[in-house]
Amino acid sequence: MSHSPSDFTWAVPIMRAGYAGRGLTYLVIAGFSLWAIWQGGSAQGTSSALGQLEGSAWGAAVLVLIALGLAAYAVWRVVDAIWDLEDYGTDAKGLLARAGQIVTGLIHLAIGIAAAAILITSADGGGGSAISTAVGRLMSMPFGIWAVGVVGIITLGAGLYYGRKALREDYRDDLQANHFTLHWNPALRAGVLAQGIVVTVIGVFILIAALSADPGQAGGLGQTFTWLSQQVFGKVLVTLLCLGLLGFSLFCFVNAAYRIVPKAADEGMVSLAKRLQMG
């Protein structure tokens, strides 16, 4: 069956696979981190958490699912941004949101490539942040430092957008109304807020890297955990963030199952926000 130019239903399976892969990634990271903290250790960064999977019987299969899922998520983000499938618009706010989609897609693609590299090279995941490596490569290009600065600003904006989304519960516009989404909203909200905190801190790290022309200053989740652990009540803060990331993992799985894509949704589909307005 052929599709019309405005028929974007083909993008929905890519979106669902992407969010499932993303949810699995954060489930692994938060799970390993909370276990390490329980055992008296430190929270695990993305590379370290994925590296621990490589030595287990089922870990290789999980790494394959993560790599494929995050590749699908990156494709979905680019497709979503280009065709504006979620109706952000073309004003300044909409264009910033769509640029943030591409950046977050590329970040997750880098994580997916890292997962695949662990499988191919049997690396232990201790080779440093995929983000700092990508920043280093970008800096080596003409006008690379300026490009890194722009990426940092967009990433910071994406983090603040997640925080606003959590506080205003705007994500309810994008979810189907059903028994699960109606009753698990506190966990979903905490997850979105935790992701906002992580992305905001990563954006700051990338900006610092640009200002100092030092790619080593850029970092991902591992560097975020390290920075938080150095603050007052650091272990408590890191534990709370890991619990929040468990909530974000749940949020991703819920999106994989129940997310509404405005330009590819059935007309009779009712969002969580609309159902709550209706009482």
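In what follows, every heavy atom counts, from backbone to side chain, and hydrogens, waters and symmetry copies are set aside. Since we're looking at a predicted model, the values are computed, not measured.
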Item to check | Residue pair Glu86 / Pro262: nearest heavy atoms and the distance that separates them | outcome: CA-CD, 3.7 Å
Item to check | Separation between OG1 of Thr226 and CG of Leu221, rounded to the nearest 0.5 Å | outcome: 9.5 Å
Checklist entry - Okay, side chain of Gln231, backbone of Trp227: is any donor-acceptor separation there less than 3.5 Å? => result yes
Checklist entry - Passes side chain to side chain contact (heavy atoms under 4.5 Å, CB included), Leu241 versus Leu237? Steps please. => result CA-CA 6 Å; Leu241 183 58; Leu237 294 175; over 6 Å; no
Checklist entry - Transitively linked via ILVMFWY side-chain contacts under 4.5 Å: Met141 with Val103? => result yes
Checklist entry - Taking side chain as C-beta onward, heavy atoms only, is Tyr26 less than 4.5 Å from Phe251? => result no
Checklist entry - Sub-3.5 Å donor-acceptor pair from the side chain of Thr239 to the main-chain atoms of Lys235, do we have one? => result yes
Checklist outcome for this item: When every non-hydrogen atom of Thr104 is compared with those of Gln101, the smallest separation belongs to OG1-O, 3.0 Å
Checklist entry - Which heavy atom in Gly105 sits nearest to a heavy atom in Ala74, and how many Å separate them? => result O-CB, 3.3 Å
Checklist outcome for this item: Taking every heavy atom of Ser249 against every heavy atom of Gly23, the minimum-distance pair comes out as OG-O, 2.8 Å
Checklist entry - Roughly how far, to the nearest 0.5 Å, is the CG atom of Leu250 from the CG atom of Asn255? => result 10.0 Å
Checklist entry - Could you state the interatomic distance from CG (Leu65) to CG (Leu24), rounded to the nearest 0.5 Å? => result 6.5 Å
Checklist entry - Which heavy atom in Ser48 sits nearest to a heavy atom in Gln44, and how many Å separate them? => result CB-OE1, 3.5 Å
Next on the checklist: Let me check something: do Ile145 and Ile206 share a hydrophobic cluster, defined by ILVMFWY side-chain heavy atoms less than 4.5 Å apart, either directly or through other members?
Outcome noted: yes
Next on the checklist: For Leu85, is there any backbone N or O sitting under 3.5 Å from a side-chain donor or acceptor partner on Asp80?
Outcome noted: yes
Item to check | Nearest-0.5 Å distance that lies between atom CG in Asn178 and atom CG in Leu272 | outcome: 8.0 Å
Next on the checklist: Within the structure provided, determine whether Ile37 and Phe225 are in side-chain contact (heavy-atom separation under 4.5 Å).
Outcome noted: no
Checklist outcome for this item: Between the NZ atom in Lys165 and the CG atom in Asp173, the distance rounded to the nearest 0.5 Å is 9.0 Å
Item to check | Side chain to side chain, Arg77 and His108, heavy atoms closer than 4.5 Å | outcome: no
Checklist entry - Once the angle between the rings of Trp83 and Phe8 is folded into 0 to 90°, is it parallel (under 30°), tilted (30 to 60°) or perpendicular (over 60°)? => result tilted
Next on the checklist: Is there a path of hydrophobic side-chain contacts, each under 4.5 Å between heavy atoms of I/L/V/M/F/W/Y residues, joining Val201 to Leu160?
Outcome noted: no
Checklist entry - Looking at residues at least two apart in the chain, or sitting in another chain, which of them share a salt bridge (charged side-chain N to carboxylate O under 4.0 Å, His left out) with Arg137? => result none
Item to check | Criterion side-chain contact (heavy atoms from CB on, under 4.5 Å) against Val151, the qualifying member of Ile154, Ile153, Thr155, Val148 | outcome: Thr155
Next on the checklist: Do Phe248 and Ile29 make a side-chain contact, defined as non-hydrogen atoms from C-beta onward lying under 4.5 Å apart?
Outcome noted: no
Checklist entry - Can you find a pair of side-chain heavy atoms, one from Trp10 and one from Val79, that are under 4.5 Å apart? => result yes
Checklist entry - So, does Lys263 use its side chain to make a donor-acceptor pair with the main chain of Asp84 at under 3.5 Å? => result yes
Item to check | Under 3.5 Å: donor-acceptor pair, side chain of Arg189, backbone of Leu167 | outcome: yes
Next on the checklist: On a heavy-atom basis, which atom in Pro215 and which in Ser132 lie closest, and how many Å separate them?
Outcome noted: O-CB, 3.5 Å
Next on the checklist: For the CZ atom of Phe253 and the CZ atom of Arg16, what is their distance to the nearest 0.5 Å?
Outcome noted: 14.5 Å
Next on the checklist: Would the distance check show the side chain of Gln223 and the main-chain N or O of Gln217 forming a donor-acceptor pair, the cut-off being under 3.5 Å?
Outcome noted: yes
Next on the checklist: Just so I know, are the side chains of Arg22 and Leu70 near enough to count as touching, which here means a heavy-atom distance under 4.5 Å?
Outcome noted: yes
Next on the checklist: If hydrophobic clusters are built from ILVMFWY residues whose side chains come within less than 4.5 Å, do Tyr162 and Leu207 share one?
Outcome noted: no
Next on the checklist: Checking the side chain of Arg98 only, and the main-chain atoms of Gly89 only, is there a donor and an acceptor separated by less than 3.5 Å?
Outcome noted: yes
Item to check | Val192 side chain reached by Leu188 side chain, heavy atoms, under 4.5 Å | outcome: no
Checklist entry - Is a side-chain donor or acceptor of Thr181 paired with a backbone partner of Gln176 at a separation under 3.5 angstrom? => result yes
Next on the checklist: Tell me if a side-chain donor or acceptor on Ser271 pairs with a main-chain N or O of Leu175 at a distance below 3.5 Å.
Outcome noted: no
Item to check | Cluster overlap Val12 with Trp76, hydrophobic side-chain contacts below 4.5 Å | outcome: yes
Checklist entry - Do the non-hydrogen side-chain atoms of Leu50 and Phe32 ever get within less than 4.5 Å of each other? => result no
